Q: 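Provided herewith is a single structure, encoded as structure tokens, for subsequent inquiry.
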Protein chains: 2
Amino acid sequence: MLTNRQLLILQLTVKDFIESAQPVGSRQLSKKPEAPFSSATIRNDMADLEDMGYLEKTHTSSGRVPSEKGYRFFVDHLLQPQTLAIEDSLQLRTLFHDKVGESEELIRKSATILSELTNYTSILLGPDTSTHAVKKFSIVPLDQQRAVAIIVTDNGHVENRIFDVPPGLTASEIEKTVNILNERLIGTSLVQLQQKLLQEAKHVFEQHIHQAEQLFSSLQQAIAVEPEERLYFGGKLNMWKQPEFHDFQKMKSFFELIEKGNPAMDLFQKKGKGIQVRIGSENKVIEMEEYSVITSTYSAGENMEGSIAIIGPKRMDYARVITLLDTLSSDLSTALNRMTIGQETDRRQDT
Amino acid sequence: MLTNRQLLILQLTVKDFIESAQPVGSRQLSKKPEAPFSSATIRNDMADLEDMGYLEKTHTSSGRVPSEKGYRFFVDHLLQPQTLAIEDSLQLRTLFHDKVGESEELIRKSATILSELTNYTSILLGPDTSTHAVKKFSIVPLDQQRAVAIIVTDNGHVENRIFDVPPGLTASEIEKTVNILNERLIGTSLVQLQQKLLQEAKHVFEQHIHQAEQLFSSLQQAIAVEPEERLYFGGKLNMWKQPEFHDFQKMKSFFELIEKGNPAMDLFQKKGKGIQVRIGSENKVIEMEEYSVITSTYSAGENMEGSIAIIGPKRMDYARVITLLDTLSSDLSTALNRMTIGQETDRRQDT
DNA sequence: GTTAGCACTCTTTAACTTTGAGTGCTAATA
DNA sequence: TATTAGCACTCAAAGTTAAAGAGTGCTAAC
């Protein structure tokens, strides 16, 4: 369908526009050594490419700009495989240099570095922690009315919530409560906690504890760990490093999009593994029409998955971001998996 | 020094400018029923006020704009005491309706509401938690190499940190460790923790625990609670509701100021109690010249203090913000104090 | 099939004009 | 003496016009 020269010209046009953010004209292209054709020749090819929908003009006599179809073709067929620049991989490496205890920390840092490296906005979705198993319960009374419930999960995450203690409950009864919880509910995943609490622990409570109902309902509330999806942002402000966003209205709407969170931009509509590129309206959301999103996934141990997204202008440096995301997500996976290996062995010993 | 009419005109000028964000001219003012003078009269007075430095012109034939001196005079002498609008106080009240367990939560919410009510950016500085006393220690082993150290303070705050466990340490030894910590260090404030750990607990460790040194240094790291100043922001984006910030560069520099955190803007240079107003260059920082800051303090129990700041354009609605801040800070104080009363009684019982 | 040449289009920039709100000053007025 | 009307003047903002520059499409020559 497309001649070799047309392919070349399309590629050069997209590349040039990605760099310069300016519509590229035939004369300009013809000056490049990679395109040793006259401007007229290029003009003709460009006209054809425009007819086929790969290029667009911003106005009748302007240079060409890639259409979404053009970007899509570029990403699918014209992307030259790239190796990570040395300085990039050095930067990435620093992430794993000083070892960090909690996975959350590592993920947060990844978001930051990614945004610094790309100059786009990065959004990391943490793995769904609700499948983590409870390692230990603890209750610390604060005063007559209140106590802190603490849940430690097997990945080292600590959830805590303050709750009301029924008046007159003695310290020994609280101790008993903790014991019951620990006996009955250790190993339960956070999602199942509510349910199991009812099934396994309720009757035990009623037998042993004074004022069981009140305590129980308080506990139930405290234990209701909301399944908050954890989003980590990097470089929220980066979009204004892009010239096409040097504009008040655009920045404003971008921020509103970001701050509003995922409702509008359901970024992580994961279909299949590997790296996904969504260009402009491929995001299926009107607010995202001006942006491209590149996503990838990483694993954090035993069927726990997180996602990485980079959001930038359609005129994004796809090649670079893709390789960057590729290596980061695999590095992140190994690092996070190593963190949980210990647990696995450990858990096996427990049973 | 100033005639009554001049005072009136100054007041009206400032008020008008605060509302409209437009330089105010003599003719415009003369139309207001509050100023039943001819434009020429007003013009003369304005000229005088300009000579005295209370007003400025943006260019030779423009209307007048308050100078910093003008704002200062307005705030000090011309502010009419205002009562809180009903809808405002209703909004504020919602804060305290549904009771929240942890003080942090309440403070965070205050920041949000304040920014919504004012359309400016709010920054709340949480009380210095490092003086809180430890209520309970706990250590939960995760696997052979790692464990979580948990510290609960008497206000219900939970600090946790993952640390390395020296290989070969037994479960009973960990239990012993926790016991030692709880025996020796409960009631210690977080600031003193490091020091006391060394003084009181080190020798005990050496007597009872195998591999004391390694464990001890791990613990020491884990316990090093950084004295992070906790800042809570509300309405970071609000500045672009102000017309004078409908400008790319200004918004950008405002964000950089905010994100960079306090180094540049040491907002909470508290001098004296009560409400402080700092206008433009009174902030002593070049980056803050365009902004005014109004601060207030609240108490969170027994000589623990937090601060509230509202940052907006110099053309800020001082009257409203001041009353708002006044009532919020006192409401917040009572709420937070009530939270800690229980503890006080409780702590007395302990000793 | 490629390229040179040319007329044409459209944006961008700068220069110029107009309009409107505002000022300062002077002379008249209460 | 304090206020006001009147008038000439200034300046920013908005609109208009003109020129420059980059690009296109098309035709004819190579």
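Numbers restart at 1 for each chain; the letters A, B, ... are given by sequence-line order, proteins then strands. In this text, all values refer to a predicted model and were calculated from it rather than measured experimentally.
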Q: Is it the case that the side chains of A:Ser26 and A:Arg43 hold a donor-acceptor pair, with the cut-off being a distance below 3.5 Å and no angle test?
A: yes

Q: Cut-off 3.5 Å, no hydrogens considered: what does the side-chain donor-acceptor table look like for residues 78-88 of chain A, sequence neighbours left out?
A:
from	atom 1	to	atom 2	distance (Å)
A:Gln80	OE1	A:Lys15	NZ	2.8
A:Asp88	OD1	A:Arg320	NH1	3.3
A:Asp88	OD2	A:Arg320	NH1	2.2

Q: Apply side chain to side chain donor-acceptor pair (under 3.5 Å) to A:Ser281 and list each qualifying residue two or more places apart in sequence or on a separate chain.
A: A:Glu68

Q: Do the side chains of B:Glu50 and B:Arg64 get close enough for a salt bridge, i.e. N-O under 4.0 angstrom?
A: yes

Q: Do any N or O atoms of the protein come closer than 3.5 Å to N or O atoms of nucleotides 28-30 of chain D, and which pairs are they?
A:
none

Q: Salt bridge or not between B:Glu282 and B:Arg72? Use side-chain N to carboxylate O under 4.0 Å.
A: yes

Q: So does A:Asp16 pair up with A:Lys32, basic N to acidic O under 4.0 Å?
A: yes

Q: Output the rounded distance in Å from CG (A:Asp48) to P (D:dC26).
A: 11 Å

Q: Run the salt-bridge test on A:Glu244 and A:Lys250 with the 4.0 Å N-O cut-off and return the result as yes or no.
A: no

Q: Estimate the overall bend of the helix from C:dG1-D:dC30 to C:dA30-D:dT1 from the end axes over five pairs each, rounded to 10 degrees.
A: 20°

Q: Let me have a per-nucleotide readout for nucleotides 15-25 of chain D, 5' to 3', with B, S or -, counting only protein heavy atoms under 4.0 Å.
A: --------BBB

Q: Between C:dT11, C:dA4, D:dA5, which nucleotide has the shortest distance from any of its atoms to the side chain of A:His59?
A: C:dT11

Q: Rounded to whole Å, please give me the gap between CD in A:Gln6 and C1' in C:dT2.
A: 14 Å

Q: Looking at D:dT4, I'd like to know if its phosphate oxygens (OP1 or OP2) sit under 4.0 Å from a side-chain N or O belonging to B:Thr41.
A: yes

Q: Check whether any side-chain N or O of A:Arg5 sits under 4.0 Å from OP1 or OP2 of C:dG1, and answer yes or no.
A: no

Q: In this structure, how many angstroms lie between the C1' atom of C:dG22 and the CG atom of B:Leu29, rounded?
A: 12 Å

Q: Could you tell me which residues satisfy side chain to side chain contact (heavy atoms under 4.5 Å, CB included) with A:Asp48, sequence neighbours excluded, listed by chain and number?
A: A:Gln6, A:Asp45, A:Asp51, A:Met52

Q: Is a side-chain donor-acceptor pair under 3.5 Å present for A:Tyr318 with A:Ser292?
A: yes

Q: Should A:Glu290 and A:Lys314 count as an ion pair when the cut-off is N to O under 4.0 Å?
A: no

Q: Let me know the distance between CG of B:Asp45 and P of C:dC25, rounded to the nearest Å.
A: 15 Å

Q: Can you tell me if A:Tyr291 uses its side chain to pair, donor with acceptor, with the backbone of A:Glu287 under 3.5 Å?
A: no

Q: A:Asn4 has an atom CG; how far is it from atom C1' of C:dG1, in whole Å?
A: 15 Å

